[in-house]
Protein chains: 2
Amino acid sequence: MGVHNTNIKESFFQKHKATIAYSICLALLLFLLKWLELRFIIFDHSLEIYIGAIAVIFTSLGIWLALKLSKPKIKTVVVEKEVYINKSENFVLNESMVTELELSKRELEVLSLMAEGCSNQEIADRLFVSLSTVKTHNQNLFEKLDVKRRTQAIEMGKRLSLIP
Amino acid sequence: MGVHNTNIKESFFQKHKATIAYSICLALLLFLLKWLELRFIIFDHSLEIYIGAIAVIFTSLGIWLALKLSKPKIKTVVVEKEVYINKSENFVLNESMVTELELSKRELEVLSLMAEGCSNQEIADRLFVSLSTVKTHNQNLFEKLDVKRRTQAIEMGKRLSLIP
DNA sequence: ATTGTTTTCGTACTAAAGAAGGATAAATCA
DNA sequence: TGATTTATCCTTCTTTAGTACGAAAACAAT
């Protein structure tokens, strides 16, 4: 997302910045220790304090180093997000029901056009057949679906997944 | 997802395990240092080596500590889970559309009975009104929904979430 | 070639739906 | 209170839907 390597040398410096910083810190600390050594040599009863200080300093250094140089631990949390899908948008024809009711292709076509709100004449025009033919299909459909009206046929057709 | 706190004390111990381990290590190291001190006091020209060893040990300790105690970064992965829902089973009426189209309660009732496949006479019987009344409602409905037939009204009603 | 299914088309009739007009009572709102 | 909305009911007429037959092609399978 928008990462631009403007300069490879700069990138190299970036990567080793922590190491360089560590080197400089180490050098400074050695000077500090030398100085501390000289001072504590004089009061060498305080050796425990000296060692304690060293322990604390280097522990901190270690922690800092580790945090800087270690790859971040990644804990992956999987969140399931429910995506609601409209059933009608991925309609699958109930073919077993078509077989069971012995519905022909033409009858299914007529049924779906019916469900779209077409009149018998409109269905006839769209299927290039006569009004009489559509009426015959209707009769057969109503008998097979065991209904009395086209509106009931639409209802039944949707319930049986014959139409979307 | 399925996280069970079986024992709070155990959980507490778990959380502070690293700290306790650190304490024990520190104690052991102090003993070691005391021993090393005694040995190096004899050969006290080797003080630099002694300090160097301490530095290395505590740096390592710091690194180990940091790695143990640092909190992992949480990476959230969203997994989309498809949930197929039956549109009719959780139907919510599109009330804004009802308001927009200025549909009355009665008209909606008529529309839903229409969608169930009722004839005008059946609708009249179920609503305890006359056939004429139902026809009037139908006319108003068709005009408001901008359709010409009852089947189209059903289609439009479903599309606009006016009926299940 | 025969059989059976699907699709097609027809007529005549009845039932239902829809259009267009007006009208009334009750409820609601300003 | 007056105005508006909602729901109710009516008649007349036209259109559409549905019923009940019959029957001719088209097509696939045997």
Side-chain angles (χ1 to χ4, degrees), chain A residues 93-160 162-163, chain B residues 93-160 162-163:
Chain A
L93 177 67
N94 186 347
E95 299 198 44
S96 61
M97 191 57 73
V98 175
T99 312
E100 190 181 323
L101 297 176
E102 296 176 320
L103 295 174
S104 69
K105 292 172 193 172
R106 214 52 163 170
E107 284 164 353
L108 268 183
E109 285 184 281
V110 170
L111 181 58
S112 80
L113 287 173
M114 238 182 217
E116 284 180 25
C118 294
S119 68
N120 287 340
Q121 188 59 61
E122 286 170 345
I123 295 171
D125 293 343
R126 289 198 29 192
L127 296 182
F128 302 105
V129 294
S130 76
L131 178 60
S132 309
T133 307
V134 175
K135 285 189 173 189
T136 307
H137 287 315
N138 286 359
Q139 282 188 69
N140 296 331
L141 258 174
F142 298 162
E143 197 175 343
K144 288 174 181 177
L145 293 177
D146 192 31
V147 296
K148 293 207 168 294
R149 276 176 289 283
R150 57 172 47 217
T151 47
Q152 289 180 345
I154 293 166
E155 243 286 297
M156 187 64 80
K158 297 208 174 202
R159 211 206 303 275
L160 301 180
L162 303 173
I163 44 178
Chain B
L93 178 67
N94 187 349
E95 299 199 43
S96 62
M97 193 55 76
V98 174
T99 312
E100 190 179 319
L101 298 176
E102 294 176 321
L103 295 175
S104 70
K105 292 172 193 171
R106 213 53 164 171
E107 285 163 352
L108 267 182
E109 286 183 280
V110 170
L111 181 59
S112 78
L113 287 173
M114 235 181 221
E116 285 180 26
C118 294
S119 67
N120 286 340
Q121 188 58 61
E122 286 171 343
I123 295 171
D125 294 344
R126 293 206 15 202
L127 296 181
F128 304 105
V129 294
S130 77
L131 179 60
S132 310
T133 308
V134 175
K135 285 190 172 188
T136 307
H137 287 315
N138 286 0
Q139 281 187 260
N140 295 331
L141 259 173
F142 298 160
E143 196 173 345
K144 288 174 180 177
L145 293 176
D146 192 31
V147 296
K148 292 206 169 296
R149 275 175 290 282
R150 57 172 47 219
T151 47
Q152 288 181 344
I154 293 166
E155 242 286 297
M156 187 63 80
K158 298 208 175 202
R159 210 206 303 275
L160 301 179
L162 303 172
I163 45 178

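Chain letters run A, B, ... following the sequence lines, proteins first and then strands; every chain starts at 1.
Distance A:K135 NZ to D:dT19 P: 10 Å, rounded to the nearest Å. The nearest whole Å value for the distance from the CD1 atom in B:I123 to the P atom in C:dA15 is 20 Å. B:L131 has its CG atom 18 Å from the P atom of D:dC13, to the nearest Å. A straight line from CD1 of B:I154 to C1' of D:dA17 spans 14 Å, rounded to a whole angstrom. The distance between atom CG of B:N138 and atom P of C:dA19, rounded to the nearest whole Å, is 9 Å. Separating the CD atom of B:Q121 from the P atom of D:dC9 is a distance of 12 Å, rounded to the nearest angstrom. B:E107 has its CD atom 9 Å from the C1' atom of D:dT6, to the nearest Å. To the nearest angstrom, P of D:dT6 lies 14 Å from CD of B:E143.
Residue-level contact check: A:S132 touches the bases, meaning some heavy atom is under 4.0 Å from a base atom.
The shortest distance between the side-chain N/O atoms of B:H137 and the OP1/OP2 oxygens of D:dA7 is not below 4.0 Å. Put simply, A:R149 has no side-chain N or O that comes within less than 4.0 Å of OP1 or OP2 on D:dA17. At the phosphate of D:dC10, OP1 or OP2 sits under 4.0 Å from a side-chain N or O atom of B:S130. A:T133 has no side-chain polar atom (N or O) that falls below the 4.0 Å cut-off from OP1 or OP2 of C:dG10. The shortest distance between the side-chain N/O atoms of B:N120 and the OP1/OP2 oxygens of C:dA17 is below 4.0 Å. OP1 or OP2 of C:dT7 has not a single side-chain nitrogen or oxygen of A:R106 nearer than 4.0 Å.
In this structure a side-chain-to-backbone donor-acceptor pair under 3.5 Å is missing from B:N120 to B:V134. Formation of a donor-acceptor pair under 3.5 Å by the B:R106 side chain with backbone atoms of B:L127 is found in this model.
Nearest-nucleotide positions on DNA chain D place B:E102 closer to the 5' end than the other of B:E102 and B:F128.
When each of C:dA17, D:dA7, D:dA17 is scored by its nearest atom to the side-chain atoms of B:S104, the top-ranked nucleotide is D:dA7. Residue A:Q139 places its side chain closer to D:dA20 than to any other of C:dG10, D:dT16, D:dA20.
Checked against A:K144 for a side chain to side chain donor-acceptor pair (under 3.5 Å), the options A:E100, A:Q139, A:E102, A:E107 give a single hit: A:E107.
Under the 4.0 Å criterion applied to side-chain N and carboxylate O atoms, B:E122 and A:K148 are not assigned as salt-bridge partners.
Across all non-hydrogen atoms, the minimal contact from B:I123 to B:C118 is CG1-CB, 3.6 Å.
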